[in-house]
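Below, chain A is the first sequence line, B the second, and so on; all start at residue 1.
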Amino acid sequence: MKDQDLYNYILGVADNSLILGQRLGELCGHGPNLETDIALTNIALDLFGQTRSYYQYAAKIAGDGRTEDDIAMLRNERDYKNVLLVEQPNTHFGHVIARQFLFDVYHLQLMNALQHSKDEMLVAIARKGVKEVSYHKRFSGDWLKRLGDGTDESKQNIQEAIDHFWPYTDELFDMTDSDKKIADQGIGVDMTTLKDDYYKQISEVLEEATLTIPDNPYSKRGGKQGIHTEHMGYILTELQYMQRTYPNMTW
Amino acid sequence: MKDQDLYNYILGVADNSLILGQRLGELCGHGPNLETDIALTNIALDLFGQTRSYYQYAAKIAGDGRTEDDIAMLRNERDYKNVLLVEQPNTHFGHVIARQFLFDVYHLQLMNALQHSKDEMLVAIARKGVKEVSYHKRFSGDWLKRLGDGTDESKQNIQEAIDHFWPYTDELFDMTDSDKKIADQGIGVDMTTLKDDYYKQISEVLEEATLTIPDNPYSKRGGKQGIHTEHMGYILTELQYMQRTYPNMTW
Amino acid sequence: MSEKEVKNLEAIFEARIARDEKIEPKDWMPEKYRQTHIRQISQHAHSEIVGMLPEGNWITRAPSLRRKAALLAKVQDEAGHGLYLYSATETLGISREELFDQLHSGKAKYSSIFNYPSVTWADIGAIGWLVDGAAIINQVALCTTSFGPYARAMVRICKEESFHQRQGYEIMLTLCNGTPEQKAMAQDALNRWWWPSLMMFGPRDADSPHTEQSMKWKLKRKTNDELRQQFVDQTVPQADILGITVPDPDLKFNPETGHYDFGEIDWDEFWQVVKGHGPCNKERMEARVGAWERGSWVREAAMAYAEKQAKKKVAKAS
Amino acid sequence: MSEKEVKNLEAIFEARIARDEKIEPKDWMPEKYRQTHIRQISQHAHSEIVGMLPEGNWITRAPSLRRKAALLAKVQDEAGHGLYLYSATETLGISREELFDQLHSGKAKYSSIFNYPSVTWADIGAIGWLVDGAAIINQVALCTTSFGPYARAMVRICKEESFHQRQGYEIMLTLCNGTPEQKAMAQDALNRWWWPSLMMFGPRDADSPHTEQSMKWKLKRKTNDELRQQFVDQTVPQADILGITVPDPDLKFNPETGHYDFGEIDWDEFWQVVKGHGPCNKERMEARVGAWERGSWVREAAMAYAEKQAKKKVAKAS
């Protein structure tokens, strides 16, 4: 493939949306009320929409007949490059919100910066994405505050969730070799430059939510190298089930 | 296939062991103590052992190059003929025990009767099976009594589990067309003749366990026609994952 | 109010309905009208949200990203329908909490069709085609029902439902134009969903005692059997186009009546499911009650937060 | 007891150990000996049961029925090992409840290797080959350790472990003789499990202060570094036979020493995992604590039932 690095870069971005969308899809009909069900489904829909745009573009770059669905559903686990954060389970609503918020802040930074890419297609996706992800971040941030400054129980639950996911945030700013090359070309985003701002933004909202900013210095990573947590395998058994069971069919 | 009915009959019997074994396999390392973990794993091992014998025999009957693993892992959901009972989830330990006991009593009846089959291979499997399943039934029956006549909480939990699974027991005695033909040939077992004894046995143990015999007249069925509950699909995503993802390989 | 006054109000009320005027929440209405509407609209709302479950079951396993997104959007629409319908019910003076209590305790019903499992991907097609198809037939009539909020909700819902129905049919069409395995999957789904879909129109007219009153209030425009016949007449030719067979050996076009004659519904099964003993009644209720109970701390937090914010505002203002 | 008497008992005790006599639970032993053994044997027991988790993760997804059964049997063996080892620990005067409390509260440790995820089927092979291989090297020496119950448990465990190790190696061999995709899976597993396996032997000797005392009690026969070297020397040729590469650019046979020289372990990673911040520490503890808590009503029921049965027997006898 000529543009292997660009392909890798796009998949790195897209896989996050795919896997987080998949996690949110599990929740559909099982949320605490209809309003949150609808909102989380909306977020999932946005994420799948972005995923499709990225994979369609990646498929074009690959140029070997692969389709968006082949890319989404026919890779081996080690070839998915999403960060570990997005594959973590929906343990309870606090986890859903914490995971979402910690991702949304990063995601909006990425979308904002990607609008200035030299790649027109990525700019187009990012422009649409900025609007969508701004809404995601508002939703998750608002709920973070509600849960943080709600009842004692909710504060405890959301604090536990934030503490739980904190070690997964550092990986968001890891750059693979392809990421670096594509950033150097002015196409991708150098996320390392946005890291301080990320923690600043997060901290502000956590404070507003009357929550404690974790000081755990240890981090968990591996997703960007395709080394996932044990949750990922189960996500894939479902995600890939139909394509694996009935190969080469039109749906 | 010449012996399509025999093939169908064997799969009907074997699929129960496969799917129940799979459910028990999920529990490994997650039980209430080491002793029950070991015992339930033992039961799972027996069930998989039986499953393999049946499928190996079925593969021989099919005679088209299919292996035990092809039969176990490469059918579509609608082609699995296990009863609905065995695919129900491990909601809590009471469910595990109730499901097991309601199956074990039936299973031992089947193994006992199958020893008198005109088919030598089935006789051999059943002879081994009788010993194994006698142990399973003793284990699940003992726990039924412990939970039934233990604490108030355990009585409530196990009663709820028995009530929950009761509607699934009737299907155990359904006879498919193949089942009838094979029973008529003196190879299979006419389960309908054993139904009264089944409920008599169950009732005796429930009474000993100080539990109430459910009087729910409604039953749930469909597994023997390959119409499963929504749980089955998820069992298969895991069971089939490797064979679907990496076809035609040796492991 | 004297009995005479009530009678008078009732007469005015009936006259308004007869003139096809809409009854609005603030208007006077007979208590039975209110109760019947609470029952029916909330039953409709419950059906929407329980109906999310069999379809939600396939979101993580949808065979393509396009279908996954469409399915998510559909289930989301159903949540939206639930929301309008609960709101419409609330205008009759009952809280959402109470409505959920009725659902969770088994006092309120929901459409029995959702007590069947969705076992293959083709079921997602069949549910859209048949279940939404049957629902629309029931609902179109309600767009001109007498209670304003219900009628307006129906207009919006019908529009979305017919989109869902076309989408479901298109899934079936894709399967039927696909491999033999895919076509068999479509046929199998039709086999399993056909009869439950016919049951959606309720008992035979002879066994449906409330029809007369509901007709008067325009909560029903046609009888169960009439609607069922309409569904059969509409759906059989669609199955023909798909090239799959309706699982009814007695099904036959009757040139004299211009309708399809069809076989007898298994009413034992119908009543078993209605009474709560269908394949998934217990699972559906456990899913709903479980979601509600697991979510209680979240709803409490949201209320506590809102109260705190309101107090802060008051404190600032004073 | 006077200080002199204690000194005397200690001298006798040390002499017995020096003569390779076994110390049995009823024998007098120094308190430090008891505590050290409780710590080490229970840590070993905890490792067995936490070790069930990464392997248990593949039971439902094993690629063939034969492998599924073998894996189940292996995990069951580990539960059995846990059982003997807890029993051996209990002979030192501590209850199983207390031991679980120590595990669940984080006071007791277990082998850090189980804090890595099992992400592909090849990991099941690699765990058997490398992790059990390393464990055996540690354990063989313990078959002649001074505390009788521990030594006897080790004899039995070593036998089963070496079966597991061969089984793991055979999984790897099958993969390496399979398709290129399978071989790549095997290589990838070796890449991920190699360094954590080397870490199983603990810190460098210079950083391992307890070695001297443990040597005296025959709880250790060789130092960490000696055992680690033995593992490398034994394993590298096995990798060569598989045709996969140990992920260490510094690895080289040293003809002068007759051993393989190898690169530096990432000690930061080592300490991060030991301190509880490895990839799966939290998940492993949540799984164990969750199982224990979910099972409390079951254990209570079993006790209540046993008491009732005992009372019945007494009532009958009197």
key: Polar contact flag, side-chain donor to acceptor under 3.5 angstrom, A:Y55-A:D15   = yes
ask   = Does NZ or CZ of A:R75 lie under 6.0 Å from the centre of the six-membered ring of A:Y80, at an angle within 45° of the ring axis?
value = yes
message = Less than 4.5 Å to any heavy atom of chain C: does that hold for the side chain of A:D37, its backbone, both, or neither?
response = side chain
ask   = Do the side-chain N and O atoms of A:Q156 and A:D152 include a donor-acceptor pair separated by under 3.5 angstrom?
value = no
request  = Could you tell me how the ring of C:H44 sits relative to the ring of C:Y150: parallel (under 30°), tilted (30 to 60°) or perpendicular (over 60°)?
outcome  = perpendicular
remark   = Counting heavy-atom pairs under 4.5 angstrom with chain C, the leader among A:E238, A:E68, A:Q243 is A:E238
request  = Considering only heavy atoms and a distance below 4.5 Å, find which of C:L72, C:L65, C:V75 pairs most often with chain A.
outcome  = C:L65
query = Does a donor on one side chain and an acceptor on the other come within less than 3.5 Å for A:H136 and A:Q100?
reply = no
inquiry  = Classify the ring geometry of A:W251 against A:Y246: parallel below 30°, tilted from 30° to 60°, perpendicular beyond 60°.
reply    = perpendicular
task = Verify whether one side chain among A:Q50 and A:D46 offers a donor that lies under 3.5 Å from an acceptor in the other.
result = no
request  = Determine the option with the most heavy-atom pairs under 4.5 angstrom with chain C, choosing from A:D149, A:T237, A:T151.
outcome  = A:D149
key: Which of C:L175, C:L53, C:L83 touches chain A most, by non-hydrogen pairs under 4.5 Å   = C:L83
message = Report which part of C:M185 has an atom under 4.5 Å of a heavy atom belonging to chain A: side chain, backbone, both, or neither.
response = side chain
inquiry  = If you count heavy-atom pairs within less than 4.5 Å of chain A, which of C:A79, C:G295, C:G125 leads?
reply    = C:A79
inquiry  = Please identify, among A:T51, A:N42, A:N33, the residue contributing the most non-hydrogen atom pairs under 4.5 Å to chain C.
reply    = A:N42
ask   = When you measure from the side chain of A:Q88 to the backbone N and O of A:L85, does any donor-acceptor pair fall under 3.5 Å?
value = no
query = In terms of heavy-atom pairs under 4.5 Å with chain C, which of A:M242, A:E26, A:E153 leads?
reply = A:M242
query = Are A:D119 and A:Y57 linked by a side-chain donor-acceptor pair shorter than 3.5 Å?
reply = yes
inquiry  = Do A:H92 and A:N157 pair up side chain to side chain, a donor and an acceptor below 3.5 Å, judged on atom types alone?
reply    = no
Region of C:R288 that comes under 4.5 Å of a non-hydrogen atom in chain A = side chain
note = Whatever's closer than 4.5 Å to a heavy atom in chain C on A:N248 counts as neither
Toward chain A, the part of C:R61 with a non-hydrogen atom under 4.5 Å = both
task = Determine the option with the most heavy-atom pairs under 4.5 angstrom with chain A, choosing from C:E307, C:Q76, C:R96.
result = C:Q76
note = So, the part of A:L18 with a heavy atom under 4.5 Å from chain C: the answer is side chain
ask   = Tell me, side chain or backbone of A:F93 under 4.5 Å from chain C's heavy atoms, or both, or neither?
value = both
request  = Could you tell me which portion of C:Q182 (side chain, backbone, both or neither) has an atom closer than 4.5 angstrom to a non-hydrogen atom of chain A?
outcome  = side chain
key: Polar contact flag, side-chain donor to acceptor under 3.5 angstrom, C:E293-C:S296   = no
request  = Counting only heavy atoms closer than 4.5 Å, note whether C:T179 contacts chain A via side chain, backbone, both or neither.
outcome  = side chain
inquiry  = Between C:R299, C:K68, C:Q309, who has the most heavy-atom pairs with chain A when the cutoff is under 4.5 Å?
reply    = C:K68
ask   = Using non-hydrogen atoms only, which part of A:K145 is less than 4.5 Å away from chain C: side chain, backbone, both, or neither?
value = both
Toward chain A, the part of C:A62 with a non-hydrogen atom under 4.5 Å = backbone
message = What I want to check is whether the side chains of A:N90 and A:H95 have a donor and an acceptor closer together than 3.5 Å.
response = no
task = Indicate yes or no for a side-chain donor-acceptor contact from A:K155 to the backbone of A:T210 under 3.5 Å, with no hydrogens or angles considered.
result = yes
Which of C:E300, C:E55, C:E181, C:M303 touches chain A most, by non-hydrogen pairs under 4.5 Å = C:E181
